[in-house]
Novice: 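Below you will find the structure I want to go over with you.
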Amino acid sequence: MTAGVLALQGAFAAHASVLESLGATVVEVRTADDLALVDRLVVPGGESTTMSMAAERSGLLEPLRAFVASGRPTFGTCAGAILLAAECFDGRADQHQLAAIDISVRRNAFGRQVDSFEVDVPIPALGDAGLGDAGFHAVFIRAPAIERVGDGVEVLARVDDRPAAVRSGAIMVTTFHPELAGDDRLHELFLRS
Amino acid sequence: MAQPPQESSAAPSHQTGSQLVKRGLAEMLKGGVIMDVVNAEQARIAEDAGACAVMALERVPADIRVDGGVARMSDPAMIQGIQEAVTIPVMAKARIGHFVEAQILEALGVDYVDESEVLSPADEAHHIDKWAFTVPFVCGATNLGEALRRISEGACMIRSKGEAGTGNIVEAVRHLRSILGDIRALTQADSAELFDWAKRLQAPLPLVQEIAETGELPVPLFCAGGLATPADAALAMQLGAQAVFVGSGIFKSADPAPRAKAIVEATTHYGDPHILAKVSRGLGAPMTGIGMDDLDLKLADRGW
């Protein structure tokens with residue numbers, strides 16, 4: 001199994017290290033040629049505006065849209081959730097959406113960096129998958145919020161009564177950073193999908 | 001300092017200002033370019049080019065060199081103007097040891113404070129106690145010992161100092177090679193030698209032991225000081241920096257917007273010479289630059 005990590009900008013190295021520790025072969029994806037090598041993809045956190053521009057300039061927008069539409073497993077965290085969403089509020093007018101999952105996301109919904117936080121959130125799907133108890137330590141960095149979920153989108157976790165982890169088909173997104181807190185179970189869930 | 005938002009009794013409380021949260025933002029900036037800007041218009045040019053953050057300051061280092069005098073924290077009105085102009089993180093500089101400037105920057109809600117040698121030092125012996133803040137700090141370093149002293153004071157990101165405002169990459173290369181070379185050497189040292197390493201580096205032993213074990217700094221390492229071209233950014237990345245700061249190099253060049261965009265692309269594709277060749281074409285004149293022998297003032301010597 002070859003897992004790609006979109007490496008245009010952001011926390012790609014942290015994701016690659018978690019995936020490698022779980023036994024996956026990891027490719028850093030910066031071009032369409034790189035993307036052709038992988039059968040699943042992580043879209044990491046970082047600055048969504050920067051990543052959107054880099055994807056466009058690197059000729060990756062259409063290959064990425066085709067990749068997520070093909071049903072191959074894709075896991076987006078924070079800025080990755082923004083890029084994969086159908087709709088984004090408080091972004092730049094020229095920001096691109098991959099529209100892989102029918103959700104609406106608001107950028108920087110919790111405030112500036114001084115408001116970034118960590119908190120324990122229950123994720124019952126982890127228990128259902130035989131991956132231990134539901135407790136998960138979630139790290140939110142200038143995090144977005146999911147303000148709308150479409151039909152058929154399953155909410156896996158909530159923070160402040162707002163969805164913080166959702167799944168639809170082969171696409172899973174979190175508004176927090178599972179790659180930072182030393183708990184690899186969401187990555188395990190992604191590799192199993 | 002900002003209090004965490006109040007929760008209903010049933011909800012677990014949000015913990016703000018932890019090392020995980022502070023170092024976490026530095027993780028998010030990796031692979032990106034942080035650009036010095038002096039007004040809202042430059043901030044918008046930086047964001048349009050794909051900067052992952054901007055550094056708000058009153059004068060870029062090249063002008064601070066020319067003007068002389070005391071360089072201080074920027075006017076809060078100017079910082080707020082930049083915060084309103086862009087959606088990406090906004091950093092700002094405080095003088096070395098000037099913890100009240102840092103308190104003011106935290107109150108303004110800047111996303112990172114740079115305790116910077118580019119401004120005139122306010123304290124000739126002490127840096128800011130950065131553990132006391134919710135906002136994270138980045139500090140400059142010329143060698144591994146300096147980097148570890150800053151981390152022991154609570155810095156959540158280290159950048160090479162380089163020599164700001166010169167457009168000359170040579171000092172940044174020296175600092176990166178020194179920091180990364182000593183990290184590589186530490187991983188080869190035996191446990192008895194680590195005590196001597198700590199003494200020579202003038203750094204806390206537990207941090208020295210941690211690096212000998214992991215082979216990397218416990219916080220991200222970025223490059224700053226003298227970058228002026230896409231090739232400079234890619235050089236820093238190939239040497240082992242995880243992101244780059246570009247100060248005077250963009251807005252002191254002949255045509256800032258295309259140069260800013262090219263430096264962003266070079267930082268993403270730093271390992272691909274064909275892409276580097278493509279993005280380096282036709283950018284106009286870079287900033288003039290200064291040789292190290294012609295310098296009256298070496299900013300990198302500030303900091304202790």
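Residue numbering restarts at 1 for every chain, and letters A, B, ... go by the order of the sequence lines. All values derive from a computational prediction rather than experimental measurement.
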Novice: When you measure from the side chain of B/Thr16 to the backbone of A/Phe117, do you find a donor-acceptor pair of N or O atoms at a distance under 3.5 Å?
Specialist: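 Judged by distance alone, no pair lies under 3.5 Å.
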
Novice: Which atoms of B/Pro220 are under 4.5 Å from chain A, going by heavy atoms: the side chain, the backbone, both sets, or neither?
Specialist: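 Neither part.
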
Novice: Side chain from CB out, backbone as N, CA, C, O: work out which of these in B/Ala49 comes under 4.5 Å of a heavy atom of chain A, or both, or neither.
Specialist: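 When you check distances to chain A, only backbone atoms of B/Ala49 fall under 4.5 Å.
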
Novice: Assess the residue pair A/Arg142 and B/Asp111 against the criterion (side chain to side chain contact (heavy atoms under 4.5 Å, CB included)); give the C-alpha distance rounded to whole Å, side-chain angles, the decisive distance to 0.1 Å, and a yes or no.
Specialist: CA-CA 9 Å; A/Arg142 286 173 48 99; B/Asp111 296 295; 3.0 Å; yes

Novice: What heavy-atom pair brings B/Gly109 and A/Arg112 nearest, and what distance separates the two atoms?
Specialist: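 Scanning both residues, the minimum pair turns out to be O-CD, 2.9 Å.
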
Novice: Return yes when atom CD of B/Glu213 has more than 12 non-hydrogen atoms of other residues, nucleotides or ligands closer than 6.0 Å, and no otherwise.
Specialist: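 It does not: B/Glu213 CD has 12 such atoms or fewer within range.
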
Novice: Side chain, backbone, both or neither: which part of B/Ala243 has an atom under 4.5 Å from a heavy atom of chain A?
Specialist: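 When you check distances to chain A, no heavy atom of B/Ala243 falls under 4.5 Å.
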
Novice: Taking side chain as everything from C-beta outward and backbone as N, CA, C, O, which of these in B/Glu27 sits under 4.5 Å from a heavy atom of chain A? Side chain, backbone, both or neither.
Specialist: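 Contact with chain A: backbone and side chain both.
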
Novice: State, without any angle test, whether A/Arg92 and B/Thr87 hold a side-chain donor-acceptor pair at a distance under 3.5 Å.
Specialist: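 Short answer, no.
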
Novice: Any side-chain heavy atom of B/Pro89 within less than 4.5 Å of one from A/Glu47?
Specialist: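 They are in side-chain contact.
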
Novice: Does A/Glu20 have more than 12 heavy atoms from other residues, nucleotides or ligands lying within 6.0 Å of its CD?
Specialist: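 Counting other residues, nucleotides and ligands, CD of A/Glu20 exceeds 12 neighbours.
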
Novice: Given that the side chain runs from C-beta out, which part of B/Glu47 has a heavy atom under 4.5 Å from chain A: side chain, backbone, both or neither?
Specialist: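 For B/Glu47, heavy atoms of backbone and side chain both lie under 4.5 Å from chain A.
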
Novice: Is it true that A/Arg30 and B/Asp272 make a salt bridge, defined as a side-chain N closer than 4.0 Å to a carboxylate O?
Specialist: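 B/Asp272 and A/Arg30: not salt-bridged.
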
Novice: Side chain of A/Thr50, backbone of B/Gly50: donor and acceptor closer than 3.5 Å?
Specialist: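 Pair found, side chain donor or acceptor close to backbone of B/Gly50.
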
Novice: Are the side chain of B/Gln242 and the backbone N or O of A/Ala13 linked by a donor-acceptor pair below 3.5 Å?
Specialist: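 No: the side chain of B/Gln242 does not pair with the backbone of A/Ala13.
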
